[in-house]
Visitor: 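Sharing a structure below in structure tokens format, with a few things to ask.
Every chain is numbered from 1, with letters handed out A, B, ... down the list of sequences. A quick note: this is a predicted structure, and the numbers were derived from the prediction, not measured.
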Amino acid sequence: MERLTTIFQHLNAAEQSVGLREVASLPSYQRKADDIVVVSALRTPITKAKRGYFKDTYVDDMLAAVFQGVLSDTGLSASDIADVCVGNVGDPKIALTARVAQFFSGMPETVPVYHTNRQCASGLQAFMNVAGSLKTGQCDIGIAAGVESLSKNPMGASGFELNPRLKDYPKAQDSLLPMGITSENVASRFGISRRAQDEFALASQQKAAKAAASGLFDAEIVPVTTTVADAGGQLKTVTVSKDEGIRPTTMEGLAKLRAVFKEGGSTTAGNSSQLSDGAAAVVVTTRGEAAKRGLPVLGVLRSFAVIGCPPDIMGIGPAVAIPEALKKAGLKIDDIDVYEINEAFASQARYCVEKLGIPFERVNPKGGAIALGHPLGCTGARMIATLLHELKRRGKRSMGIVSMCMGTGMGAAAVFEYEGAN
Amino acid sequence: MPSFQTSGRHGYSVQFSPFFPHRLACASCQYYGIAGGGTLFVLDVAQDGLRPVQVFDFSDGLFDVTWAENNENILVAAGGDGSIQVWDVLQPKGPLKILKEHSKEVNAVNWSQTRNENLVVSSSWDNLIKVWDVSQSQSIRTHVGHSHIVYDVVWSPQLPGTFASASGDRTVRVWDIRGGDSCAVLIQAHSEEILSCDWCKYDKNQLFSGSVDGLIRGWDIRSPRLPFCELRGHEYAIRRVRANPFLGTSLATTSYDFTVRTWDTSQQRMLETIQHHTEFVYGLDFNIHVPGQIADCAWDGVIQVYQPQSCVPP
């Protein structure tokens, strides 16, 4: 009977083997020493601009908090960091801010720092910049960060001079449209009703509330101690550890809100991303370097795509970028377990999800920018942290996407793999 | 597509003749190889299918077969009784010789691929590997090391005196008969039993393994700590992995999931899934005369000869 038991063992062992059936559909990527890997990804809580706990906090203080957070998370010595790139949209002196933040966090002057601005994808672009530096051998381990204070540097800055010739170029002219108008354009052009937008917004709030109540953000948040002035101008010290934008929401409440950007429009304060302050940082290195330093791999970059779209409907960005990123990674829509798609507006987010045929339950499972807020330059890095900690919590090998639209008409998407807990 | 339906026999292994492009042999068993006898089929690819040239019956199951490289009519088969037998296609009466040294089932036999080395290697459920010159009456060497069934053993097509073995002890080992008795390279290849291995025909350092864990892995024997490739897709244990002699990046595998699959090892992609069997697929071989042609056999008793598009060189 030995022959029979031997063959039964072949069958039984296969049944029990490492999630054989679950992962069978995913491609096997070669594990290369120069794979770009994330070894730490953390963020501050996201607070309400002008009203929240970070309203009086300097941008460099928020940034220093996440620098320190990832350094202490990895146990790396500050002098080991070979380069730092900071994504930011609104701070006019970000080059200085970033350098100051570095010194606040204890990184010596030998560590270089710079910034990048790809609008709402700045945090993700910072990550790709460091990834590129790793690939070309400029550095072996770096920090990619994102930071934004819409309290200190509000959107819609004016006072700059525009080339009058741009009115002769419709696409250039369209690039000046306020974001809310591009949202109205997406809603009307693709028939995303007010109700559909409000439903999407409600779901974002509900998912975020549930995730926060279950402590699902704890792994990605670095508590920040700062000072804030109360209504009387009195300064007090607070330690912030929770996102401020999550609030009890109902369909009735959402339905009552007026359209903000256009008479008779459908984009409201309730179904748009919130104006926020926050920072996030990611330690990026190669698989070989991570192994050498004994750092656990949180996620592996599998592909990235950034691609333009019409500026007057900039919100469709993820719908053009995600298919491109999937193609580069050799994946299908169904292969992705978690989609982090930035909710600039419920109109564009819902459009992208429906257009691509993504199952709704895989989109922003812990809520998105409608509930959490959207500190522009921070968002890309914040989403990497949110995604990878969620994939890790789920435990099995799986793929995730970080994607967002950008003002002036672009979409970016990055595919990450969580390789499982082994 | 030529095929052949045995009556009451379950296919374990097929091999194309190194001399005739149209000839192949199939080792098979009665009662799924659990009990009963075995049959060795010699078949020719004809216009109307596969035509039996010779059919040899044996008292125990036959698990593997290999053609001699120095005589177009000689075959060696692996027996469930621990023997290896030498058969002559022109001698219908029975085996020319029975060599019995293994104490348990012989799972694999392989005739050496390198010039002037007409040696046969056999591997067995007794954890041993033996090297034979079939003109002699005893084995030349016995290799001890594996701690579980040795399921597959294959000579390197390029490195003289070198063969690889795949075992239930979850290792793949490379042995050099010119060296000492211990193995030259030990690869901790999988987390489950390993049922098959094969050499790349183009890169002398590349070796592939197929395991009960459903994975195929590629190894460089100079740095065997990590695989250079990993192929996923089979839903059950992989029974046999064979490298394409016409395409250095092409593999074909058979599995308990009833399928044959073809792979591109450089892109690490599955290319085709072939579902023409209704039972475990066990045997597989590439024809060295016809680019991309494959023969396979399964427990459903069917032997198929076909040419998957993905295995034909461009």
Visitor: Heavy-atom cut-off 4.5 Å, strictly under: side chain, backbone, both or neither for E193(B) against chain A?
Guide: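 Just its side chain gets close to chain A.
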Visitor: Can you say whether I149(B) sits under 4.5 Å from chain A via the side chain, the backbone, both, or neither, judging by heavy atoms?
Guide: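 For I149(B), side-chain heavy atoms alone lie under 4.5 Å from chain A.
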Visitor: Looking at Y339(A), does the NZ or CZ of R362(A) lie under 6.0 angstrom from its six-membered ring centre and within 45 degrees of the ring axis?
Guide: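 Relative to the ring axis of Y339(A), which defines the angle, R362(A) lies outside at least one limit.
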Visitor: Name the member of F280(B), F228(B), W125(B) that forms the most heavy-atom pairs with chain A at distances under 4.5 Å.
Guide: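 It is W125(B).
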Visitor: Heavy-atom distances under 4.5 Å only: say whether Y31(B) touches chain A with side chain, backbone, both or neither.
Guide: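 Contact with chain A is absent: no heavy atom of Y31(B) under 4.5 Å.
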Visitor: Applying ring-ring contact (aromatic ring centres under 6.0 Å, His included), run through F41(B) and F56(B) and close with a yes or a no.
Guide: CA-CA 6 Å; F41(B) 294 91; F56(B) 299 110; over 10 Å; no
Visitor: Name the residue from D334(A), V353(A), I336(A) that meets the side chain to side chain contact (heavy atoms under 4.5 Å, CB included) definition with I358(A).
Guide: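 Filter result, single survivor: V353(A).
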Visitor: Answer yes or no: is there an ion pair linking D220(B) with R222(B), defined by an N-O contact shorter than 4.0 Å?
Guide: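 Yes.
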Visitor: Quick check on L231(B) against chain A: is it the side chain, the backbone, both or neither that has a heavy atom closer than 4.5 Å?
Guide: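 Contact with chain A involves the backbone of L231(B) alone.
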Visitor: Which bit of E105(B) comes within less than 4.5 Å of chain A, counting heavy atoms only: side chain, backbone, both or neither?
Guide: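 Contact with chain A: side chain only.
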Visitor: Before accepting this row, confirm whether a basic side-chain N of the pair D60(B)/R3(A) lies closer than 4.0 Å to the acidic partner's carboxylate O.
Guide: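 Here D60(B) pairs with R3(A) in a salt bridge, since their nearest N and O are under 4.0 Å apart.
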Visitor: With only heavy atoms counted, which part of L195(B) is less than 4.5 Å from chain A, the side chain, the backbone, both or neither?
Guide: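 Side chain only.
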Visitor: Answer with side chain, backbone, both or neither: which region of R239(B) has an atom nearer than 4.5 Å to a non-hydrogen atom of chain A?
Guide: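 R239(B) touches chain A through side-chain heavy atoms alone.
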Visitor: Answer yes when D34(A) and K135(A) have at least one side-chain N-carboxylate O distance shorter than 4.0 Å, and no when they do not.
Guide: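 A salt bridge is present here (some side-chain N lies under 4.0 Å from a carboxylate O).
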